[in-house]
Amino acid sequence: IVQYGEVGNSSNEAVLKSLTGLYESAGGPGWTRNTSWCTDEPLNRWYGISVNASGEVTAVSLSYNGLTGTLPESMTGLQAVNFSVYRNELSGHIPSYIYDFRYAELSSNSFDSLADVPNPESSLLNVLYLSGNNIEGQLPEHLPDCPHLITFDVQDNDFSGSIPDSYGKILERGGSMRLNGNNLTG
């Protein structure tokens, strides 16, 4: 296994595996900006990666950057991060690991499906933006059970069916939802 960046423990190795998986599955060599990705440079020098004083990744910001392809099957090394891939050309399925992020901005791509939340009670997600994709099917059943979710925007997709009553939980927390531009009832 080729390892990049600074590696000091198994947690860092999982982060590196997640980031290199993203680079490989989302067309990294063709990105508009990919400075230092998959090199021995420290992660804070990789374009779009922010780290805290302890060197832990806090954000992945790759909006408007020419990402193509899909999200990797696993990015379990990244948790509690702000993740933004707004306005790229990503497609396919949005995996369940996004519920481990704090902030997820995946709007204006071509995603077509969204995983349900496997363990909503342990989700750290506060904000989920998915507008302007091609996501089909029903709204994820357990999404409103994510205790920290306060912003949910899926406008202009192809969701269908009725809006479950449980989605009122988001509003009860003082949150907001944007569901227009879908085929939803209720």
Side-chain angles (χ1 to χ4, degrees), residues 5 10-28 31 37 43-44 46-65 67 69-133 135 139-155 157 159 167 169-170 173-179:
S10 61
S11 168
N12 287 345
E13 291 176 19
V15 169
L16 290 170
K17 183 176 179 182
S18 294
L19 292 173
T20 56
L22 175 62
Y23 186 83
E24 292 166 0
S25 69
W31 293 354
W37 274 77
L43 291 176
N44 65 341
W46 292 24
Y47 175 81
I49 303 300
S50 298
V51 301
N52 63 19
S54 300
E56 299 166 326
V57 173
T58 58
V60 177
S61 304
L62 297 171
S63 297
Y64 294 97
N65 201 34
L67 278 69
T70 61
L71 292 175
E73 285 301 312
S74 176
M75 286 181 53
T76 55
L78 295 177
Q79 295 185 351
V81 300
N82 294 339
F83 183 81
S84 181
V85 292
Y86 176 73
R87 285 230 188 245
N88 282 289
E89 297 175 26
L90 294 168
S91 59
H93 181 69
I94 299 173
S96 63
Y97 58 72
I98 65 160
Y99 304 113
D100 293 330
F101 300 157
R102 288 200 191 281
Y103 174 98
E105 167 58 280
L106 292 90
S107 296
S108 299
N109 281 281
S110 295
F111 294 112
D112 58 21
S113 62
L114 172 64
D116 199 2
V117 189
N119 300 302
E121 61 283 344
S122 64
S123 173
L124 301 172
L125 191 64
N126 292 308
V127 176
L128 180 57
Y129 290 112
L130 300 173
S131 66
N133 281 288
I135 303 171
L139 293 171
E141 180 180 354
H142 299 292
L143 185 68
D145 297 327
C146 296
H148 307 288
L149 184 65
I150 56 169
T151 303
F152 178 59
D153 182 349
V154 293
Q155 69 178 341
N157 276 285
F159 284 104
Y167 274 70
K169 292 178 187 178
I170 297 169
R173 286 192 285 269
S176 65
M177 294 187 297
R178 296 184 74 177
L179 306 175

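The first residue of the sequence shown is numbered 1, and numbering continues consecutively from there.
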Problem - Asn133 backbone acceptor or donor facing Asn157 side chain under 3.5 Å - result: yes

Practice task
First locate atom OH of Tyr64, then atom OG of Ser84, and finally report the distance between them rounded to the nearest 0.5 Å.
Solution key: 9.5 Å

Problem - Polar side-chain atom of Asp116 near backbone of His142 as donor-acceptor pair, under 3.5 Å - result: yes

Completion exercise
Value for CE (Met75) from CD1 (Ile98), rounded to nearest 0.5 Å, stands at 11.0 Å

Problem - Close side-chain approach of Leu143 and Tyr99, heavy atoms under 4.5 Å - result: yes

Handout entry: Short side-chain to backbone donor-acceptor contact, Asn88 and Leu62, under 3.5 Å
Key = yes

Exercise for the section: Check each of Tyr47, Trp46, Trp31 against Tyr23 using the ring pair (Phe, Tyr, Trp, His ring centres under 6.0 Å) test, and report the only one that passes. Expected result: Trp31

Handout entry: CA sep, side-chain torsions, deciding dist, call: Leu19, Trp37, side-chain contact (heavy atoms from CB on, under 4.5 Å)
Key = CA-CA 9 Å; Leu19 292 173; Trp37 274 77; 3.9 Å; yes

Practice task
To the nearest 0.5 Å, tell me how far Glu105 CD sits from Asn82 CG.
Solution key: 11.0 Å

Exercise for the section: Using a 4.5 Å cut-off on heavy atoms from C-beta on, say whether the side chain of Ser61 contacts that of Tyr86. Expected result: no

Handout entry: Closest non-hydrogen atom pair, Pro95 against Glu73
Key = CB-O, 4.3 Å

Handout entry: Test item: Ile49 and Val60 side chains (from C-beta on) under 4.5 Å apart, heavy atoms
Key = yes

Completion exercise
Here the gap from Leu106 atom CG to Ile94 atom CD1, rounded to the nearest 0.5 Å, amounts to 5.0 Å

Handout entry: Pairwise side-chain contact, Phe111 with Leu71, heavy-atom cut-off 4.5 Å (strictly under)
Key = yes

Practice task
Indicate the atoms forming the closest heavy-atom contact of Pro147 with Glu121, along with that distance.
Solution key: CG-O, 3.9 Å

Problem - Side-chain heavy atoms of Asn12 within contact of Leu43, under 4.5 Å - result: no

Practice task
Report yes if some heavy atom in the side chain of Val85 is under 4.5 Å from a heavy atom in the side chain of Leu90; otherwise report no.
Solution key: yes

Handout entry: Asn109 (side chain) donor-acceptor with Ser107 (main chain) under 3.5 angstrom
Key = yes

Exercise for the section: Without swapping roles, check the side chain of Tyr97 against the backbone of Pro72 for a donor-acceptor pair under 3.5 Å. Expected result: yes

Handout entry: Sidechain-backbone polar pair: Ser50 side chain, Ala59 backbone, donor-acceptor under 3.5 Å
Key = no

Practice task
Taking the side chain as every heavy atom from C-beta outward, state whether Leu78 and Val57 have any pair of such atoms under 4.5 Å apart.
Solution key: yes

Practice task
Please round to the nearest 0.5 Å and tell me the distance separating atom CZ of Arg87 and atom OG of Ser63.
Solution key: 10.0 Å

Exercise for the section: Rounded to the nearest 0.5 Å, what's the gap from CD1 on Ile170 to CG on Asp145? Could you check? Expected result: 9.5 Å

Handout entry: Over all atoms of both residues, closest heavy-atom pair of Leu149 and Thr151
Key = CD1-O, 3.4 Å

Exercise for the section: Report yes or no: does Ser123 contribute a side-chain atom to a donor-acceptor pair with the main-chain N or O of Leu125 at less than 3.5 Å? Expected result: yes

Handout entry: Any Leu179 side-chain heavy atom under 4.5 Å of Val154 side chain
Key = yes

